[in-house]
*Asks:* 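My structure is below; once you've seen it, I'll send some questions.
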Number of protein chains: 2
Amino acid sequence: MLRVMVVDDQALVRRGFALVLDNEPDIEVVAEAGTGIEAIEAARQRQPDIILMDIRMPEMDGLEATARILEAGDATCRVIILTTFDPDEYVFRALRAGASGFVLKDIPPEALVEAVRTVADGGAMLAPAITKRLISQFVQKLGTGRNLAERLERLTTREREVLAVISDGKSNAEIAEALFIGSATVKTHVSSLLSKLGLRDRAQAVVFAYECGLATAGERDIGL
Amino acid sequence: MLRVMVVDDQALVRRGFALVLDNEPDIEVVAEAGTGIEAIEAARQRQPDIILMDIRMPEMDGLEATARILEAGDATCRVIILTTFDPDEYVFRALRAGASGFVLKDIPPEALVEAVRTVADGGAMLAPAITKRLISQFVQKLGTGRNLAERLERLTTREREVLAVISDGKSNAEIAEALFIGSATVKTHVSSLLSKLGLRDRAQAVVFAYECGLATAGERDIGL
DNA sequence: GATCGCCTCCACCTTTTGGGGGAGACCAGA
DNA sequence: TCTGGTCTCCCCCAAAAGGTGGAGGCGATC
């Protein structure tokens, strides 16, 4: 049985969603809340599996409440944001807060039920338009590299390896150590790859590596 | 009426999907293809609105075919990848190729129909597990910056400006020119910011800028 | 067998970089 | 007023980086 909580400041809307869900044999609405504060408290007490969360609410908005509930961590629940509009910032904040779903209130009842089951099952569910935006942003971030990646192909294997280590912020000496070669050799490779790529120095090489996707933000544990 | 093409090398599977879709009053299966090559040709001739594309096929795989069909551009169609497995690389390549959907073949028939309508409607549809991964990667990419961004706050305004230009791959002389100050001053700022951030050289500064979100891939027009 | 590309190193040289001071001007706050 | 922080610039110096040219070994290809 899926334990669901519905959070919305409009009691009527809240009841509507609750009724739709309670109508399902495998879903039980165990709590309702009308503000973010109430939601946090109710989540703590009732430990729902899924929370349907409105964004605009008095006292504390749904995104803030989501972040706090998920941060608390003693709850293993998942949150689906349920809103009327879908402005970009909300989506962004919601995903960052840890929401597993983001759907619009005009969603058909069956789809809402499906979204609840999907998220309970470990998946994520976004409104189609949002999925589309997420994809395009994702592709943009990693897709710049096309023409740049071609330049990469002009490098030899070893040169690409050296470039990869350069993009870690390593010095020539460190690269030599990492690749088990002499630092003179590293210098040769560096000079060669800079020349082939039309770059001036290793700083530009780092930029290049990030831009073409050889290096990616979020992979490095930067103590540096 | 939605014009759909089904591409799969297994005729039985292909017919199955085609029958499910043709059964809908607003959907018409206008073509079928068994290889990537056939798909490209059929897409050109029949101009479907939606293409359901398998990945593993002889002659040319579905991702390659997708890329070529969408590159051709004279077609305004949208592609939904339909596969048995969902290895990361496939998803990645598919989105990059321009697919608007990525669903698994074990999807319930109604959900497939819904996916077709959703994508035809301009949205995107991913399998829940993939949506989840996409979100987590997205959040990771943009979320790394928190602890790093704190380090950024220790810098003065000018130092942050200098760091921003450094992360463009500029030399001290170029930075001086860009900020209308002497190169001696630039050196002072660079030394100071490296020291404050615990970095050794400008290459590491570039890495830092990307990792903390000060610089972002896909914003630079790299002639460098 | 000769050629070519790649990897490995060397030496020599210039430029850039980064560190260590110091100094004057400016501004905000104690 | 004085202090502290910031921005601006200076000098000197050592280390690193980058360019140039050369060399030997090695595998693939012609």
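Letters go in sequence order (proteins before strands), and every chain restarts at 1.
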*Asks:* Starting from the 5' end of DNA chain C, give me the residue, I181(A) or K196(A), whose nearest nucleotide shows up first.
*Replies:* K196(A)

*Asks:* Among V186(B), I181(B), T185(B), find the residue that satisfies the side chain to side chain contact (heavy atoms under 4.5 Å, CB included) test when tested with I175(B).
*Replies:* V186(B)

*Asks:* Rounded to whole Å, please give me the gap between NZ in K170(B) and C1' in dT16(C).
*Replies:*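 Whole-Å distance recorded here is 17 Å.
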
*Asks:* If you take all heavy atoms of G122(B) and K132(A), which pair is closest and at what distance?
*Replies:*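 Taking every non-hydrogen atom into account, O-CD, 2.7 Å.
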
*Asks:* Is the shortest heavy-atom distance from the side chain of L104(A) to the side chain of T84(A) under 4.5 Å?
*Replies:* no

*Asks:* Whole angstrom is fine here: how far is it from CZ in R160(A) over to P in dC7(C)?
*Replies:* 9 Å

*Asks:* May I ask you to decide if K187(B)'s main-chain N or O and S191(B)'s side chain share a donor-acceptor pair within less than 3.5 Å?
*Replies:*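 Present.
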
*Asks:* Restricting both atoms to N or O, compile the protein contacts to nucleotides 25-30 of chain C shorter than 3.5 Å, with distance only.
*Replies:*
none

*Asks:* Taking side chain to side chain contact (heavy atoms under 4.5 Å, CB included) as the criterion, tell me which of V7(A), D9(A), V6(A), D61(A) meets it with D54(A).
*Replies:*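 Checked V7(A), D9(A), V6(A), D61(A) against D54(A); only one passes side chain to side chain contact (heavy atoms under 4.5 Å, CB included): D9(A).
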
*Asks:* Go through the steps for L193(B) and R160(B) under the test side-chain contact (heavy atoms from CB on, under 4.5 Å), then give the verdict.
*Replies:* CA-CA 8 Å; L193(B) 74 88; R160(B) 267 192 298 276; over 6 Å; no

*Asks:* Would you list the protein and nucleotides 25-30 of chain D atom pairs, both N or O, that sit under 3.5 Å from each other?
*Replies:*
none

*Asks:* What's the CG-C1' distance between L163(A) and dC7(C), to the nearest Å?
*Replies:*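 Going from L163(A) (CG) to dC7(C) (C1'), I get 17 Å.
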
*Asks:* What is the distance, rounded to the nearest whole Å, between atom CD of E161(B) and atom P of dT6(D)?
*Replies:* 14 Å

*Asks:* Specify the separation, in whole Å, of atom CD of Q204(B) and atom C1' of dA16(D).
*Replies:* 13 Å

*Asks:* When all nucleic acid strands are considered with a 4.0 Å heavy-atom cut-off, which category describes T185(B): base, sugar-phosphate, or nothing?
*Replies:* base

*Asks:* Between T157(B) and A184(B), name the one whose nearest nucleotide on DNA chain D is closer to the 5' end.
*Replies:*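 Nearer the 5' end of the strand: T157(B).
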
*Asks:* Are L52(B) and L21(B) packed together at the side-chain level, in the sense that at least one heavy-atom pair is separated by less than 4.5 angstrom?
*Replies:*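 Yes, close enough: below the 4.5 Å cut-off.
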
*Asks:* Which heavy atom of I69(A) sits nearest a heavy atom of A43(A), and at what distance?
*Replies:* CD1-CB, 3.9 Å

*Asks:* For R154(B) and dG5(D), what is the distance between atoms CZ and C1' respectively, to the nearest whole Å?
*Replies:*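 My rounded result for the distance is 17 Å.
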
*Asks:* Under 4.0 Å between a side-chain N or O of H189(B) and OP1 or OP2 of dT8(D)?
*Replies:* yes

*Asks:* Within a 6.0 Å radius of atom CD on E177(B), are there more than 12 heavy atoms belonging to other residues, nucleotides or ligands?
*Replies:*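 No, CD of E177(B) has 12 or fewer neighbouring heavy atoms, counting only those of other groups under 6.0 Å.
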
*Asks:* Could you tell me whether E71(B) and R68(B) make a salt bridge, using a distance below 4.0 angstrom between a side-chain N and a carboxylate O?
*Replies:* no

*Asks:* Distance check needed: dA17(D) P versus L193(A) CG, whole Å only.
*Replies:* 13 Å

*Asks:* Just the rounded figure in Å: distance from C1' of dG18(D) to CD1 of I166(A).
*Replies:*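 Checked: the CD1 to C1' distance equals 11 Å.
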
*Asks:* Got a list of protein N/O to nucleotides 18-24 of chain C N/O distances below 3.5 Å?
*Replies:*
from    : atom 1 : to      : atom 2 : distance (Å)
dG18(C) : OP1    : R202(B) : N      : 2.6
dG18(C) : OP2    : R202(B) : NH1    : 2.7
dG18(C) : N7     : K187(B) : NZ     : 3.0
dG18(C) : O6     : K187(B) : NZ     : 2.5
dG19(C) : OP2    : S191(B) : OG     : 3.3

*Asks:* Side chain of S171(B) only, please: which of dT17(C), dC9(C), dC7(C) is the nearest?
*Replies:*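 Selected nucleotide (nearest to the side chain): dT17(C).
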
*Asks:* Would you mind reporting whether Q47(A) and C77(A) have side-chain heavy atoms less than 4.5 Å apart?
*Replies:*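 No, their side chains stay 4.5 Å or more apart.
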
*Asks:* Quick check: do L163(B) and F208(B) have side-chain heavy atoms less than 4.5 Å from each other?
*Replies:*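 Sidechains of F208(B) and L163(B): in contact.
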
